[in-house]
Amino acid sequence: MLQQTPVVRVLPVWHEWLERWPTPAGLAGEPAGEAVRSWGRLGYPRRALRLHAAAAAITEKHKGKVPDTYTELLALPGVGSYTAAAVAAFAYGRRETVVDTNIRRVHARLVSGTALPAPALTAAEMRLAASLLPAADAPSVRWNAAVMELGALLCTARAPKCGACPVNDLCAWRAAGEPPPSYIPKGQAWHGTDRQVRGAVVAVLRLAEEPVPAEMFHHEPADLGFAPAGIGVPLAALHRLNSAPEQLERALAGLLADGLAELHDGGYRLPA
DNA sequence: GATGCGTGGCT
DNA sequence: TAGCCAAGCAT
């Protein structure tokens, strides 16, 4: 849930999930669509699908217990190098090189003297992080947590709070006069993209209790002569995007391909 | 290595 | 207010 999503937005959903599915087996015992539905508006709903798949893998291959090694964690769906290291370190106390966006930014500034880390995680960054990690297990966990928090709370991407930083006297970027970034990060396009349409379609499917006919996506409900049950609001939002028919087709096809939707009785629904 | 993939708070 | 950006991953 925390992948690319701020902590404060994750917390309420996380609590709901743990109450509803206290164990991996509990989640694995329900349809994947239920995971997507209860994902709410966290974004990137593929993560819900993969979390469900990970729960199934944990149930089947790990006797229902979340594995405690980096390698086993990495093999789970939706778990990459960051998440595998973070779980091994923070849940199991292991010494792992945890590198998230916060840690990358702190290292870039404090050590490398640049305003921002490289556009993508590099081998050099991993080597640097590994070289800074304390040798013993417990201190390494504290180090990972501390650097991550420093980045999240003080050494932020925009308007870093250098005045409150406990290590500002060690900061290479500050010592260099806070030079501007050497490149301009290109923002993620949104308006008019397939991505926006996909999001609007999934919003409809989340609320739908019956398969949604393709015509519902392509035409105004008023033109169809019948009222959609319970999905009027997200459907209206989708139509307001006024996307081209082929764009809608791409979005629907993409959702099918990703397993976020399936065809049933001539309509689209979340995977049952 | 580059791209596609959500959503909403903050400035 | 339009854009930035957030505990990344898979392909």
Side-chain angles (χ1 to χ4, degrees), chain A residues 1-14 36-37 39-54 57 73-91 96-108 115-126 129 141 143-153 155-161 180-181 183-206 234 237-238 241 247 250-261:
Chain A
M1 287 177 177
L2 290 167
Q3 291 165 0
Q4 296 278 276
T5 305
V7 178
V8 289
R9 199 181 310 162
V10 163
L11 280 177
V13 180
W14 179 69
V36 176
R37 189 166 277 119
W39 193 251
R41 305 185 62 81
L42 282 183
Y44 293 143
R46 293 192 291 202
R47 295 181 297 169
L49 224 45
R50 291 176 181 145
L51 193 44
H52 180 270
L73 286 162
L74 189 62
L76 296 172
V79 175
S81 60
Y82 159 72
T83 303
V87 171
F90 300 134
E96 300 288 346
T97 305
V98 179
V99 179
D100 78 323
T101 189
N102 293 300
I103 291 178
R104 294 185 64 211
R105 190 173 52 250
V106 170
H107 288 168
L116 295 175
L121 179 61
T122 66
E125 283 180 87
M126 286 303 295
V141 172
W143 174 263
N144 283 323
V147 179
M148 193 178 298
E149 289 301 288
L150 182 62
L153 302 179
C155 197
T156 52
R158 284 181 298 177
K161 303 168 179 63
Y183 69 99
I184 305 299
K186 53 176 179 179
Q188 313 152 328
W190 178 244
H191 292 287
T193 61
D194 289 4
R195 200 174 188 175
Q196 186 183 30
V197 178
R198 275 177 62 119
V201 170
V202 172
V204 172
L205 298 183
R206 256 199 319 263
L238 171 62
L241 297 180
Q247 186 173 38
R250 277 200 307 274
L252 289 169
L255 291 173
L256 290 178
D258 287 353
L260 274 167

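For the numbers below, each heavy atom of this structure counts, side chains included, while hydrogens, waters and symmetry mates do not. To find a chain, count down the sequence lines: A is the first, B the second, and so on, and within it residues start at 1.
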| Which residues share a side-chain contact (heavy atoms from CB on, under 4.5 Å) with A:Ala124, sequence neighbours left out | A:Thr122, A:Arg127
Distance, nearest 0.5 Å, that separates [atom1] of [X] from [atom2] of [Y]:
{"X": "A:Phe90", "Y": "A:Glu96", "atom1": "CZ", "atom2": "CD", "answer": "10.5 Å"}
{"X": "A:Arg250", "Y": "A:Leu255", "atom1": "CZ", "atom2": "CG", "answer": "12.5 Å"}
{"X": "A:Leu121", "Y": "A:Met126", "atom1": "CG", "atom2": "CE", "answer": "6.0 Å"}
{"X": "A:Thr193", "Y": "A:Gln188", "atom1": "OG1", "atom2": "CD", "answer": "10.0 Å"}
{"X": "A:Thr83", "Y": "A:Leu76", "atom1": "OG1", "atom2": "CG", "answer": "10.5 Å"}

If you look at every strand shown and take non-hydrogen atoms under 4.0 Å, does [X] touch a base, only sugar-phosphate, or nothing?
{"X": "A:Arg105", "value": "sugar-phosphate"}
{"X": "A:Pro119", "value": "nothing"}
{"X": "A:Ala86", "value": "nothing"}
{"X": "A:Val10", "value": "nothing"}
{"X": "A:Thr193", "value": "nothing"}

| task | Answer yes or no: does a side-chain N or O of A:Lys186 lie under 4.0 Å from OP1 or OP2 of B:dT3? | result | yes
| query | If only side-chain N and O atoms of A:Thr83 are considered, is one of them under 4.0 Å from the OP1 or OP2 phosphate oxygen of C:dC9? | reply | yes
Find the distance [X]:[atom1] to [N]:[atom2] and express it as a whole number of Å.
{"X": "A:Leu74", "N": "C:dC9", "atom1": "CG", "atom2": "C1'", "value": "11 Å"}
{"X": "A:Gln247", "N": "B:dC5", "atom1": "CD", "atom2": "P", "value": "10 Å"}
{"X": "A:Asp258", "N": "B:dG4", "atom1": "CG", "atom2": "P", "value": "13 Å"}
{"X": "A:Leu121", "N": "C:dC9", "atom1": "CG", "atom2": "C1'", "value": "12 Å"}
{"X": "A:Leu49", "N": "C:dT11", "atom1": "CG", "atom2": "P", "value": "12 Å"}
{"X": "A:Ile184", "N": "C:dG3", "atom1": "CD1", "atom2": "C1'", "value": "13 Å"}
{"X": "A:Met1", "N": "C:dC9", "atom1": "CE", "atom2": "C1'", "value": "16 Å"}
{"X": "A:Glu149", "N": "C:dA6", "atom1": "CD", "atom2": "P", "value": "14 Å"}

| message | Counting only heavy atoms from other residues, nucleotides and ligands, does the tally under 6.0 Å from CH2 of A:Trp190 exceed 12? | response | yes
| Whole-Å P distance, C:dT11 and B:dG6 | 14 Å
| query | Which sits closer to the 5' end of DNA chain C, A:Arg50 or A:Val7, going by the nucleotide each is nearest to? | reply | A:Val7
| Reading nucleotides 6-11 of chain B from the 5' end, what letters show protein touch, with B for base, S for backbone sugar-phosphate only, - for no heavy atom under 4.0 Å? | BBBB--
